[in-house]
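What follows is a short report on a single structure.
In what follows, every heavy atom counts, from backbone to side chain, and hydrogens, waters and symmetry copies are set aside.
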Amino acid sequence: MALIKSISGIRGTIGGQAGEALTPVDIVKFAAAFGTWVLQTTNNNTIVVGRDARISGDMVNKLVCATLQGLGINVIDVGLSTTPTVEMVVPDKKAGGGIILTASHNPKQWNALKLLNQHGEFISDEEGKLVLELAEKEAFEFAQVTDLGKYKQNESALKKHIKAILELPLVDVEAVKAKNFRIAIDCVNSSGGIAVPMLLEKLGVKVIEKLYCEPDGNFAHNPEPLPENLREISRVIEKGKFDLGIVVDPDVDRLALINEDGSMFGEEYTLVAVADYVLKNTVGNTVSNLSSTRALRDVTEKAGGSYYAAAVGEVNVVNMMKAQNAIIGGEGNGGIIYPELHYGRDALVGIALFLTHLAKSGLSMTRLRASYPNYYISKNKIELTPEVNVDEVLKQMQERYAKQPINTIDGVKIEFGKEWVHLRKSNTEPIIRIYAESDSNATAEHLANKIITDIKEIISVKA
């Protein structure tokens, strides 16, 4: 059993003892803390709630909505939905905040409460700490019987989200329709099974091969859209005559693409390709996090824009995008943030922009992928004993490579020409994550191993 309280929300496994898992007691406590924070900071008594299709979703939803009503808060329940849909409903309904019930790519025994501010964006570190403090103190005051909040369902939110996507100037429905794309999709039996087919049909896609589109929460495979979890759809595409494959995670904020031959387009390259299309039509800046591929920087600078790196985490990317007036940004895990629609990772807008790009390029998936700079990321970690001072280790690594360009906004990122290594400590366990990128897999792994050797040297000297 597990329960993780963090500044971005609370997540855990269903079942077990209160305080040690995501039990009804913990759900009510945290929902009450967030509701109290919204009332105190916004003077707004409306909160939007939506969920993915997890087995526990209905139970968690009822607890959250009833708790908010008990505080005197009016609830707008968008039901089975997507994370980006809820993000758009919050400002549209002028609500004080939002709660998304999803554990994103975690397995089906997990669920979570993800928290949004009044702009439909994830709350900041500082705001998250205040919510955690309210939960710890149980500083809630519930409403009198005559002041209980009202409950209202909103079943049109997803249709409105898709309509807004189709109305974007850079989404060309006719161009997509004319290509008669044959597309296979895998929606891991969550709400993407409703949203993705609905979007594709509106885009005029006639042939849609659906894998795991029944939104019953019984994930047929590990729900994180990584190559090792996508072998079945890969085989389907390889054997059939499909133009591409589309895969989303349970809450539809990450997008993975599969080539016409069943090979992976590469999750890092979802953002690169969509940004390429946007940059071809609009000159501007881009943002991704420090652990994402350099290919975005290459594509951006080629188009005459400037690239900026943010600390890891969606809220950090969004803040940097606003500061640099970026026209597109996101994360290398297939997360597309397109501000013209809203400031949040959105697989649905990513699909619409990508299909327009593919249609207008006249290229196959493999040829489009080959048109981008080719980089490989090696992802590693070192497990440390609790007595190791991780901050001191990172400081010494910074000193050891002081002659190289270094970024310290989130751990230590060291650049070696077009190669880089990013070192970050985990907030929840004694490990250092080591990501290295180069133009070949062997070189990326060699670079990562060199850095790992350096870290072990520093630790052994300290010992």
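- The backbone N or O of Tyr277 lies less than 3.5 Å from a partner atom in the side chain of Asn281, making a donor-acceptor pair.
- Here the side chains of Asp243 and Glu260 are not in contact, with every heavy-atom distance at 4.5 Å or above.
- When all heavy atoms of Tyr343 and Met321 are compared, the pair lying nearest together is CE2-CB, 4.1 Å.
- Across Gly72 and Ala143, no two heavy atoms sit closer than the pair N-CB, 3.7 Å.
- Between Leu423 and Ile434, some side-chain heavy-atom pair lies under the 4.5 Å cut-off.
- Contact detail for Gly98 and Ile47: the closest heavy-atom pair is CA-CG2, 4.1 Å.
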side-chain contact (heavy atoms from CB on, under 4.5 Å) assessment of Asn285 paired with Thr300:
CA-CA 7 Å; Asn285 302 331; Thr300 304; 5.7 Å; no

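- Rounding to the nearest 0.5 Å places CD1 of Ile165 at 12.5 Å from NZ of Lys202.
- Within the structure, no pair that satisfies the ring pair (Phe, Tyr, Trp, His ring centres under 6.0 Å) test touches residues 58-104, not counting sequence neighbours.
- Judged by distance alone, the side chains of Tyr338 and Asp346 never bring a donor and an acceptor atom under 3.5 Å apart.
- Residues in residues 349-368 take part in these salt bridge (charged side-chain N to carboxylate O under 4.0 Å, His left out) pairs, two or more places apart or across chains: Asp172-Lys360.
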List the steps, then state whether salt bridge (charged side-chain N to carboxylate O under 4.0 Å, His left out) holds for Glu331 with Arg345.
CA-CA 8 Å; Glu331 298 181 297; Arg345 293 184 305 175; 3.1 Å; yes

Does the pair Arg297 and Glu437 meet the rule for a salt bridge (charged side-chain N to carboxylate O under 4.0 Å, His left out), with working shown?
CA-CA 13 Å; Arg297 176 176 173 176; Glu437 183 177 63; over 6 Å; no

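- Within the 4.5 Å cutoff, the side chain of His221 has heavy atoms near those of the Val188 side chain.
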Please lay out, stage by stage, how Lys152 and Asn74 fare under the test side-chain contact (heavy atoms from CB on, under 4.5 Å).
CA-CA 8 Å; Lys152 182 167 67 174; Asn74 298 322; over 6 Å; no

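- Side-chain contact, Asp261 with Ser263: a donor N or O sits under 3.5 Å from an acceptor N or O.
- With contacts defined as side-chain heavy-atom distances shorter than 4.5 Å, the pair Val272/Asp298 does not qualify.
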Between Asp125 and Lys129, does a salt bridge (charged side-chain N to carboxylate O under 4.0 Å, His left out) hold up when you go through it step by step?
CA-CA 6 Å; Asp125 289 6; Lys129 286 172 184 171; 5.9 Å; no

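- Of all heavy-atom pairs spanning Leu68 and Val49, the tightest one is CD1-CG2, 3.9 Å.
- Residue-environment remark: NZ (Lys322) exceeds the threshold of 12 foreign heavy atoms within 6.0 Å.
- For Glu228, there are no salt bridge (charged side-chain N to carboxylate O under 4.0 Å, His left out) partners two or more places apart in sequence or in a different chain.
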side-chain contact (heavy atoms from CB on, under 4.5 Å) assessment of Leu348 paired with Val196
CA-CA 7 Å; Leu348 298 177; Val196 176; 4.2 Å; yes

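- Note on ring orientation: taking the six-membered ring where Trp is involved, the planes of His357 and Tyr372 are tilted (angle from 30° to 60°).
- Listed for the Thr46 side chain is no donor-acceptor partner under 3.5 Å among the backbone atoms of Ala95.
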Would Lys114 and Ser104 count as a side-chain contact (heavy atoms from CB on, under 4.5 Å) here? Give the steps.
CA-CA 10 Å; Lys114 292 188 174 182; Ser104 192; 3.4 Å; yes

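- Cys187 and Gly193 get closest at one heavy-atom pair: CB-N, 3.3 Å.
- Nearest heavy atom pair, residue Val287 against residue Ala310, reads CG1-CB, 4.0 Å.
- Between Arg11 and the choices Leu3, Asn111, Leu113, Asn106, the side-chain contact (heavy atoms from CB on, under 4.5 Å) rule is met once, by Asn106.
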